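Some notes on the structure that comes next.
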Amino acid sequence: MSLNLYDTATREVSEFKPLVAGQVSIYVCGATVQAAPHIGHVRSAVNFDILRRWLVKSGYDVTFIRNVTDIDDKILQKAMVEKMSWWALALKYERAFTDAYTALNVLPPTYEPRATGHITQMIELMDQLIENGAAYAPGNGDVYLEVRKLKRYLSLSRQNLDDLQPASDSDETYKKDVRDFALWKAAKPDEPSWPTPWGPGRPGWHLECSAMAHAYLGETFDIHGGGLDLVFPHHENEIAQSEAVGYRFAQRWLHNAWVTQSGEKMSKSLGNTLQVQEILKSVRGIELRWYLGSAHYRSMLEYSPEALQEAAVNFKRIENFLSRATELVGAKPTPRINTEFTKAMNEDLAVPAALATISENLRLGNQAITDNDIAGISKNADEIRGALEILGCDPLDPAFASSSGSDLTEALDGVIALALAERASARERKDFAASDTIRDGLSALGITIEDTAQGPRWSIN
RNA sequence: GGUCGGGUGGCCGAGAGGCGAGGCAAGGGACUGCAAAUCCCUCUACACGGGUUCAAAUCCCGUCCCGACCUCCA
């Protein structure tokens, strides 16, 4: 069974064939670290993390590059506002992104290059582009790519150059065409700069990704990913720069859709963003990940607090089954992937269909508990755990290990066992008022008591 | 103006010519001292108007509505 993936360039789902058998190279546009991450940012990270985990599970050796753009106009602006050095601001928010990724169990990339660490590669790239006539340095310190000379420009977004609305800041006197874009920007007073043959300056947005993709993945690689809003101009311009020097660049383009609120894209300019750190006050990281990963990556995910809570409750049911299964089987489930799940994931990562297989496993597994069918419990628990592992939501993953020490849990278990013994004797003498007082008391402390065929069990809400 | 998504039941969310994904909520039932948890059953749908077809949520034409990008964006 082979993996089929969508490609933004062809607008079709097709069989994924890596350039080198058994290996996959991926470049994903990471954050421009100018503010704390909102849930749209991490949705993108989660989507591509699921892709990566699925490729690894499918037997590929995956090289996964996700960059950090740590220099751009917005970062300089924000640094002024926050009255700190641009580099301090960039690192501050880079850490915020890293914390968010960690909280959501997004695997660290194979390498995470920063734009400012690749100025040399950018200068080399511009050098080549100027030499072969694709780019020009008008003499003021800027370097532009001459888009009119490109044959395939805008093929990813399928637009015509002449149909584009002129840029709002198109009073550029140095550009040959208003649509030419800056590879490099001359330093203004008080701005950071690096020396180049064309004068001191700093990278324009776009150039860093071409340079870094080339540095780590070579002239061509399998998959380039990012948010849908990067198709134009960012990815078009990456293609333009890279193809103009003769690189074949990305073989396939994957773009994730947004998180929306009331149908509108979450964005800083609308002020409707939901910070990851805020959301994590109401749900755990694993629950937020379960929620963000639940929709198909190419579909908009309409956020609502209710939907998030629903997802969290839904996830707790699965966790509850896994912990009961572990108790009854006497061993942690062994992750296993079933054919239905595989089929779903191989069809352009159809996570919603994959979730339906988990629901079925859950139903059958709970039924097996009722029937005391250990083999059935085990089978379904194994398959659920296997699926959760791919989705990055395995509650037994050490990444989600609870911070409360096991000593504490043991002590608590002992205390609750005492209370439950009292309750059991009260029930035996049919003193239900007394037994309910104990249960209600524990419940008020956030401890839920369930009476099962194997006796009472407790859990913390 | 150009390019591109979308409108599915009370809600979320798949599907893309035929057998109503799945989840949540709701109603009924089983289990329970009562609960909780769990299981079983039931209900509600494809924006609108035409067309193609034996068959349309799915394809075509038109209309309405929502959203995104057009050099800030995951």
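Convention: sequence-line order gives letters A, B, ...; per-chain numbering from 1. Just so we're clear, the structure is a prediction, and the values are computed from it rather than from any experiment. What you see below is based on every heavy atom in this structure, not just the backbone, and it leaves out hydrogens, waters and symmetry mates.
You won't find any donor-acceptor pair under 3.5 Å spanning the side chain of Arg158(A) and the base of rC69(B), going by distance alone. One can find a donor-acceptor pair under 3.5 Å joining the base of rG33(B) and the side-chain atoms of Asp436(A). Between the side chain of Glu310(A) and the base of rG23(B), a donor-acceptor pair under 3.5 Å is found. The base of rG67(B) has none of its N or O atoms less than 3.5 Å from a complementary donor or acceptor on the side chain of Glu264(A).
Remark: Lys265(A) is in phosphate contact with rC69(B), judged by side-chain N or O atoms under 4.0 Å from OP1 or OP2. Put simply, Gln367(A) has a side-chain N or O that comes within less than 4.0 Å of OP1 or OP2 on rC40(B). Phosphate contact (OP1/OP2 of rU38(B), side-chain N/O of Arg317(A), threshold under 4.0 Å): present. In this structure, Asn314(A) does not reach the rG23(B) phosphate: none of its side-chain N or O atoms is under 4.0 Å from OP1 or OP2. At the phosphate of rC40(B), OP1 or OP2 sits under 4.0 Å from a side-chain N or O atom of Arg363(A). Phosphate proximity of rA68(B) to Thr260(A): absent, as no side-chain N or O sits under 4.0 Å from OP1 or OP2.
For Phe249(A) and Phe221(A), the ring centers sit closer than 6.0 Å to each other.
Within the shown strands, nothing qualifies as a pairing partner of rA57(B) under the Watson-Crick or G-U definition with both distances less than 3.5 Å.
Per the geometry, CD1 belonging to Ile71(A) stands 16 Å off P belonging to rC72(B), to the nearest Å. What separates OH of Tyr291(A) from P of rG23(B) is a distance of 19 Å, to the nearest Å. To the nearest angstrom, P of rC70(B) lies 15 Å from CZ of Arg179(A). Atom CD in Gln77(A) sits roughly 10 Å away from atom P in rC72(B) (whole-Å rounding). Distance, Asn160(A) CG to rU3(B) P: 7 Å, rounded to whole Å. Rounded to whole angstrom, the span from the OH atom of Tyr297(A) across to the C1' atom of rG5(B) amounts to 14 Å. Regarding Asn366(A), its CG atom lies at a distance of 20 Å from the P atom of rA30(B), rounded to whole Å. For the pair Glu327(A) CD and rA37(B) P, the computed distance is 17 Å after rounding to whole Å.
In terms of heavy atoms, Glu238(A) sits closest to His224(A) at OE1-CE1, 2.6 Å.
Ring planes of His41(A) and Phe97(A): perpendicular class, angle over 60° (limits at 30 and 60°). Between His235(A) and His255(A), the angle of the ring planes lies from 30° to 60°, which puts this pair in the tilted group.
Using a 4.0 Å heavy-atom distance criterion, Asp72(A) is classed as making no nucleic acid contact. Heavy atoms of His38(A) sit under 4.0 angstrom from at least one base atom. At the heavy-atom level, Asn237(A) lies under 4.0 Å from base atoms of the strands shown.
Rounded to the nearest Å, the gap between the P atom of rG27(B) and that of rG13(B) is 24 Å. Atom name C1', nucleotides rC54(B) and rU38(B): the rounded distance is 46 Å, in whole Å.
Across Asp440(A), Asp451(A), Asp431(A), a single residue satisfies salt bridge (charged side-chain N to carboxylate O under 4.0 Å, His left out) together with Arg423(A), and that is Asp451(A).
In this structure, of rC34(B), rC4(B), rA21(B), it is rC4(B) that holds the atom nearest to the side chain of Arg11(A).
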